[in-house]
*Asks:* 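Provided herewith is a single structure, encoded as structure tokens, for subsequent inquiry.
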Amino acid sequence: AFWVQYQVMPNNLEVPEMKVFSLRNYIIFSLLLLVRLIATADYVAFQAGTASLTCDSSDPLVITMDISVRSQQIKSFGASDCWTIQNVGNWPEDKATAIADLLFSTALDENGQPKGIGLSLWRMNRGAGSSRQNNISDPWRRADCFLDEAMADYDWQRCSGQRKFLQLAKSRGVAHFTAFCNSPVINMTRNGNAFCDPSVGTTNLDFAKADDFSRYLADVLVHFRDAEGINFDCISPVNEPEWDWNQNRSNPPRAGQEGCRYNNADIKRLVDALYPQLQSRGLETEIEVCESGNIEYIYSNGDEKGNHA
């Protein structure tokens, strides 16, 4: 058996200023605190305005793992590059690599402490090109795509921050990669935006251009496989399709981020268009069809769009 003992928190620890934590310590602290909350009924209070965190624990938490008994198999432990990495990846080299270590490293430092949380899967956002528009209120939630300024040909120099982090992840041992789309590319949507409005119907994808969108997704996968040495295990062409993702009522209308709704019939039509494009290029990338932002869709029907899982 493999034994781990964590003294999660001393009694009545108060942290007047949370900003004193380094990012690594904050991540580790958060994970351990979550374990503690799940395992016990201890009281945790966060006082608004003072940033004071109190955890009352009388005894250490002992976690025992018997690695000879397998109850389930988790393929990967992952996170998404959406939305910050498109900018963080272009920060100075020392800062970008330090963040990559925190995310991906499985090594130990000179004190025997983990350098990072050892993610084994990295999800890359395939942006819709909204960064070329000015109708998403948060600039960090706009994203570029791999089409040139004329939206007529490919430009593989784009999305440099995201591309850099793919390589940083790979060089630190990340074995699994997923690509996903919040919205079709803006020249393939019904309203020309990376978000919906009430007029677009059940989805903003222009199905007259569904084959174009599918070719685009497949071509990008081929480029990363052949030119950048990144093989994507999966492509997730829709993201949280149950939400409306409509523009707000400002003038001119704006949205909070890229997003596109789909009902089940829409998802099937897109998958039917995408699958032959992957096959014709000899890609082993699988399509992640089921996607939801609400766990209830796994076991029950939701709104008028039906059961997405």
Side-chain angles (χ1 to χ4, degrees), residues 74-86 119-130 141 143-146 159 162-163 165-166 169-170 174-186 188-189 194-196 202-205 207 209-225 228 230-245 257-279 281 283-298 302 305-309:
I74 299 174
K75 180 179 179 180
S76 58
F77 170 48
S80 164
D81 75 356
C82 191
W83 300 86
T84 56
I85 296 301
Q86 60 184 331
L119 296 178
S120 60
L121 178 144
W122 191 237
R123 281 168 53 92
M124 180 191 187
N125 175 29
R126 293 291 164 80
S130 62
R141 293 189 172 225
D144 204 355
C145 65
F146 287 103
C159 308
Q162 292 177 277
R163 289 169 36 238
F165 255 76
L166 286 171
K170 181 180 178 181
V174 175
H176 302 288
F177 296 92
T178 295
F180 74 101
C181 306
N182 287 295
S183 166
V185 181
I186 52 177
M188 302 173 194
T189 61
F195 52 85
C196 300
T202 59
T203 183
N204 197 26
L205 172 62
F207 274 105
K209 299 179 180 178
D211 287 339
D212 294 337
F213 183 43
S214 299
R215 278 192 291 271
Y216 167 79
L217 294 178
D219 287 347
V220 175
L221 291 171
V222 169
H223 166 79
F224 275 96
R225 181 194 64 186
E228 305 203 23
I230 301 291
N231 286 292
F232 283 90
D233 302 53
C234 300
I235 174 74
S236 179
V238 304
N239 183 70
E240 299 181 12
E242 68 273 20
W243 312 134
D244 285 333
W245 298 116
Q257 68 166 76
E258 294 188 354
C260 185
R261 61 177 173 263
Y262 299 83
N263 65 21
N264 286 352
D266 297 327
I267 295 172
K268 182 181 184 301
R269 289 179 68 184
L270 176 54
V271 170
D272 285 345
L274 178 57
Y275 179 74
Q277 297 293 337
L278 303 183
Q279 292 296 105
R281 289 162 175 76
L283 288 160
E284 297 181 357
T285 305
E286 298 179 341
I287 303 174
E288 285 188 353
V289 180
C290 300
E291 162 64 30
S292 180
N294 189 340
I295 195 171
E296 293 181 359
Y297 284 93
I298 294 175
K305 302 184 191 70
N307 189 335
H308 289 270

*Asks:* Students often mix this up, so state it plainly: with edges at 30° and 60°, are the rings of F146 and H223 parallel, tilted or perpendicular?
*Replies:*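 Rings of F146 and H223: tilted, 30 to 60°.
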
*Asks:* Among all residues two or more places apart in sequence or in another chain, which pass the side-chain contact (heavy atoms from CB on, under 4.5 Å) test with Y275?
*Replies:*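 Y275 satisfies side-chain contact (heavy atoms from CB on, under 4.5 Å) with Q279, I287 only.
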
*Asks:* Nearest 0.5 Å, what's the CH2-OG distance between W243 and S292?
*Replies:* 6.5 Å

*Asks:* If you apply the rule side-chain contact (heavy atoms from CB on, under 4.5 Å), what do you find for T189 with S183, and how did you get there?
*Replies:* CA-CA 8 Å; T189 61; S183 166; 4.1 Å; yes

*Asks:* Among T285, L217, L283, find the one that has a side-chain contact (heavy atoms from CB on, under 4.5 Å) with V222.
*Replies:* L283

*Asks:* For the atom pair CD1 (I85) and CG (L166), what is the distance rounded to the nearest 0.5 Å?
*Replies:* 10.0 Å

*Asks:* Heavy atoms only: give me the nearest G293-E242 pair and the separation to one decimal.
*Replies:* N-OE2, 2.7 Å

*Asks:* Give a yes-or-no answer on whether the side chains of S130 and E258 include a donor-acceptor pair shorter than 3.5 Å.
*Replies:* yes

*Asks:* Could you pull out the closest heavy-atom pair between K75 and D233, with the gap in Å?
*Replies:* NZ-OD2, 4.0 Å

*Asks:* Return the minimal non-hydrogen interatomic distance between W122 and V174, and the atom names on each side.
*Replies:* N-CG1, 4.1 Å

*Asks:* For A169 and F177, work out which heavy atoms get closest and say how close.
*Replies:* CB-CE2, 4.1 Å

*Asks:* Under 4.5 Å between any side-chain heavy atoms of K170 and I230, yes or no?
*Replies:*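 Of all side-chain heavy-atom pairs linking I230 with K170, at least one is under 4.5 Å.
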
*Asks:* Under the criterion side-chain hydrogen bond (donor to acceptor under 3.5 Å, both in side chains), which of T203, N204, T202 is the partner of D266?
*Replies:* T202

*Asks:* Rounded to the nearest 0.5 Å, how far apart are CG of L205 and OG of S214?
*Replies:* 8.0 Å

*Asks:* Please enumerate all residues that pass salt bridge (charged side-chain N to carboxylate O under 4.0 Å, His left out) together with E228, with sequence neighbours excluded.
*Replies:*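 Counting only residues at least two positions away or on another chain, E228 forms a salt bridge (charged side-chain N to carboxylate O under 4.0 Å, His left out) with R163.
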
*Asks:* Give me the atom names and distance for the closest heavy-atom approach of W83 to A143.
*Replies:*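 Between these two residues, the closest heavy atoms are CZ3-CB, 4.4 Å.
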
*Asks:* Among all residues two or more places apart in sequence or in another chain, which pass the salt bridge (charged side-chain N to carboxylate O under 4.0 Å, His left out) test with R215?
*Replies:*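 Partners of R215 under the salt bridge (charged side-chain N to carboxylate O under 4.0 Å, His left out) test: D212.
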
*Asks:* Among residues at least two apart in sequence or on other chains, which ones pass side-chain contact (heavy atoms from CB on, under 4.5 Å) with R123?
*Replies:*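 Testing R123 for side-chain contact (heavy atoms from CB on, under 4.5 Å), a comparison that skips the adjacent residues, returns S80, L121, T178, F180, N239, E288.
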
*Asks:* Under the side-chain contact (heavy atoms from CB on, under 4.5 Å) test, which residues partner Q162, sequence neighbours left out?
*Replies:* D81, Q86, M124, N125, C159

*Asks:* Calculate, to the nearest 0.5 Å, the distance between atoms CE and NZ belonging to M188 and K209 respectively.
*Replies:*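 Separation between the atoms: 8.0 Å.
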
*Asks:* Rounded to the nearest 0.5 Å, what separates atom OG in S76 from atom NE2 in H176?
*Replies:* 5.5 Å

*Asks:* Under the side-chain contact (heavy atoms from CB on, under 4.5 Å) test, which residues partner C145, sequence neighbours left out?
*Replies:* R132, L147, M151, V185, Y216

*Asks:* Would you say D144's side chain and G129's backbone share a donor-acceptor pair under 3.5 angstrom?
*Replies:*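 No, the answer is negative, given that no donor and acceptor are paired below the 3.5 Å cut-off.
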
*Asks:* Between the side chain of W245 and the main-chain N/O of E240, is any donor-acceptor distance below 3.5 Å?
*Replies:* yes

*Asks:* Can you list the steps and then say if V220 with F232 is a side-chain contact (heavy atoms from CB on, under 4.5 Å)?
*Replies:* CA-CA 10 Å; V220 175; F232 283 90; over 6 Å; no

*Asks:* Quick one: closest heavy-atom pair of Q277 and D211, and the distance?
*Replies:* NE2-O, 4.4 Å

